[in-house]
There are 2 protein chains.
Amino acid sequence: MHGAVIHGAGDVRYEDLPDPTLEHPTDAIIRTVAACVCGSDLWRYRGTNPVPRPTPIGHEYCGVVEEVGAEVTDVKVGDFVVGGFNISDNTCALCRRGATANCLHKQPYAGAQAELLRIPQADGTLVAVPGRPDDALIPSILALSDVMCTGWHAAVVAGVGPGTTVAVVGDGAVGLCAVLAAAQLGATTIIAMSRHADRQALAREFGASHIVVERGEAGAEAVRALTEGIGADCVLECVGTHDARTQAIACVRDGGNVGLVGLPHGDLPMEDLFWRNVGVKGGPANCRAYLPHLLDLVLRGVIEPGRVFDLELPLSEVGEAYAAMDERRAIKALLRP
Amino acid sequence: MHGAVIHGAGDVRYEDLPDPTLEHPTDAIIRTVAACVCGSDLWRYRGTNPVPRPTPIGHEYCGVVEEVGAEVTDVKVGDFVVGGFNISDNTCALCRRGATANCLHKQPYAGAQAELLRIPQADGTLVAVPGRPDDALIPSILALSDVMCTGWHAAVVAGVGPGTTVAVVGDGAVGLCAVLAAAQLGATTIIAMSRHADRQALAREFGASHIVVERGEAGAEAVRALTEGIGADCVLECVGTHDARTQAIACVRDGGNVGLVGLPHGDLPMEDLFWRNVGVKGGPANCRAYLPHLLDLVLRGVIEPGRVFDLELPLSEVGEAYAAMDERRAIKALLRP
């Protein structure tokens, strides 16, 4: 089979690789229908994270089950499935509390930008889609593998609920999905902080009630002007830079919450957060816990998170997908074998 | 009138002071029935915080209204009232969201360890107790002024609810009240971390299901042994030292929450918290938001937080109250004029 292998900064190649095989009785092998490139894949592509040796890459996928191990009972050969970017058994003490991102048996994928993929803990990771979904639904199902679950996680951990006011920092695929999540969870005022006309338009379609183009203190002032002068109840930080985190803390009201799904950069100003009673929570999304509900919303046509994909390429052109995202020519690239 | 004045480290005096007067139409003057000494008052007594000039001290009280300003409508002369340690108008945009600790019109007290006290924003700060409460209820009503609301806040911001597992770090008055709060909020496993037999006994009476005497990694291991090996859903940090915070983070499960009411000391290990999906929230308690419910629980005899007081002295002996708490001869001292 063929798949993407990162060799170093700026160097992702489409290569001939050994077919994956069942290694444990809880494994499944799936044939990929669609995969994509994640913002976090770019850390190695941009040289931010090292690449010690050539490594298969990718962690977002949907596909059809080809083979299952002897202990797999919930998915079967021929099922169309989607799984989150983190592997979970969905039975451990943490999974039972919904903390599937931190499953006691979590492990990395071997590289999902490939024609075939071994899924460890198949029953606990995969969710089967009834029948064979219409091709038009594939992007939205694929988006559940990471960005939609991640935007949803930001909203959940920040306590978004009916009647809350929400500001979203970051207008990439995750930020746009966070807007969609906030709308689904009942927020009334949803402020998307964005400077790009195309992303602003999609944010509005996803449910943003207001757009704020300013950043820094001017951005926080604009958010306060829309929230009775106090700041948003919930701020969803979907970037992962120091500036974005500072922006998020500046935009949240006293007693409110910041949901973090951007990667951590530096420590938090704890004394300020304490006196302001601001909560901070975040991390990798609990995909398996969220997948059934979000898949239902997609299948019923309530949400269409696949609209964040603005580039589609054959899997064989995976190198160009990385380049397009690196050069910001695309928000997010979908790949089909 | 007479009241406590701190002159410097180790030097609290009972002095003749001018009677307070109404300064704004929203003020009330109350005659103190009981007051007490807070752990945070000891920061100045111990020289941790400076005392630039002799300053009236204290922020916990209950008493009878003597006089009200022209715009005070909800409490009236003769009412027995209790107020929280933070002043709130209970009408601003933050108060309307329950964030009364961060009221847009918050301000400090002039010193509540005194015979008479001016209460700014009287309607938004004070809650009237129906009739004149039985003398036996005074300690529990007084406890609502700070420690019970603070323990409750720790539990609320950490998300304590029915069926949760909770560990409480700190067995002072706030820690003990946090145990009581966790029990009222429906926690099933409530682990009090305490080395003192008398406090362990009171923690058990307040609802602790388990006592852990170990600290550090041994303490965290003991908590994990009581929580399916993963740590507690919610950890309530009621001390405010670096060691206590480290203990709290070590005791919480991945995906769980730390409620902080101990004062911040240093920054948080954000990267570790992120990958573990651990939330952190805390600060000064939203007393006015919690008071009506907690007062109802006290008046119905459901909770008896006043049991944290283990020393009662005349207000004139306030210096001895400070010394007893400083020397750990008392958990918390109640003072009666």
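Below, chains carry the letters A, B, ... as their sequence lines are ordered, and counting in each starts from 1.
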Legend entry - Toward chain A, the part of A93(B) with a non-hydrogen atom under 4.5 Å: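 When you check distances to chain A, atoms from both the backbone and side chain of A93(B) fall under 4.5 Å.
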Legend entry - chain A contact via V278(B) - which portion, at a heavy-atom distance below 4.5 Å: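 Interface part for V278(B): backbone (N, CA, C, O).
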Inset, instruction - Supply the atom-to-atom distance L268(B) CG to L273(A) CG, rounded to the nearest 0.5 angstrom. - result: 8.0 Å
Legend entry - Value rounded to 0.5 Å, distance of CG in N257(B) from NZ in K281(A): 3.5 Å
Legend entry - residues 226-238 of chain B: residues contacting chain A (heavy atom under 4.5 Å, by number): E228(B), I230(B), D233(B)
Inset, instruction - With a 4.5 Å heavy-atom cut-off (strictly below), which parts of residues 144-170 of chain B touch chain A? List them by number. - result: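 Counting heavy atoms that sit under 4.5 Å from chain A, the residues of residues 144-170 of chain B involved are H153(B), T165(B).
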Legend entry - Donor-acceptor pair, side chain of D254(A) and main chain of T100(B), under 3.5 angstrom: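 Between the backbone of T100(B) and the side chain of D254(A) there is no qualifying donor-acceptor contact (under 3.5 Å).
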Legend entry - Option in L260(A), V280(A), L104(A) with maximal non-hydrogen atom pairs under 4.5 Å from chain B: V280(A)
Inset, instruction - Identify the heavy atoms of V261(B) and F274(A) that sit nearest to each other, and give their distance. - result: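 Looking at all heavy atoms of both residues, the shortest contact is O-CZ, 3.8 Å.
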Legend entry - Closest contact, heavy atoms only, P284(A) versus N277(B):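 Looking at all heavy atoms of both residues, the shortest contact is O-ND2, 2.7 Å.
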Inset, instruction - Select, from G255(B), G256(B), P269(B), G282(B), the one with the greatest count of heavy-atom pairs under 4.5 Å involving chain A. - result: G282(B)
Legend entry - Heavy atoms from other residues, nucleotides or ligands near CZ of R224(B) exceed 12 (cutoff 6.0 Å):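 It does: R224(B) CZ has more than 12 such atoms within range.
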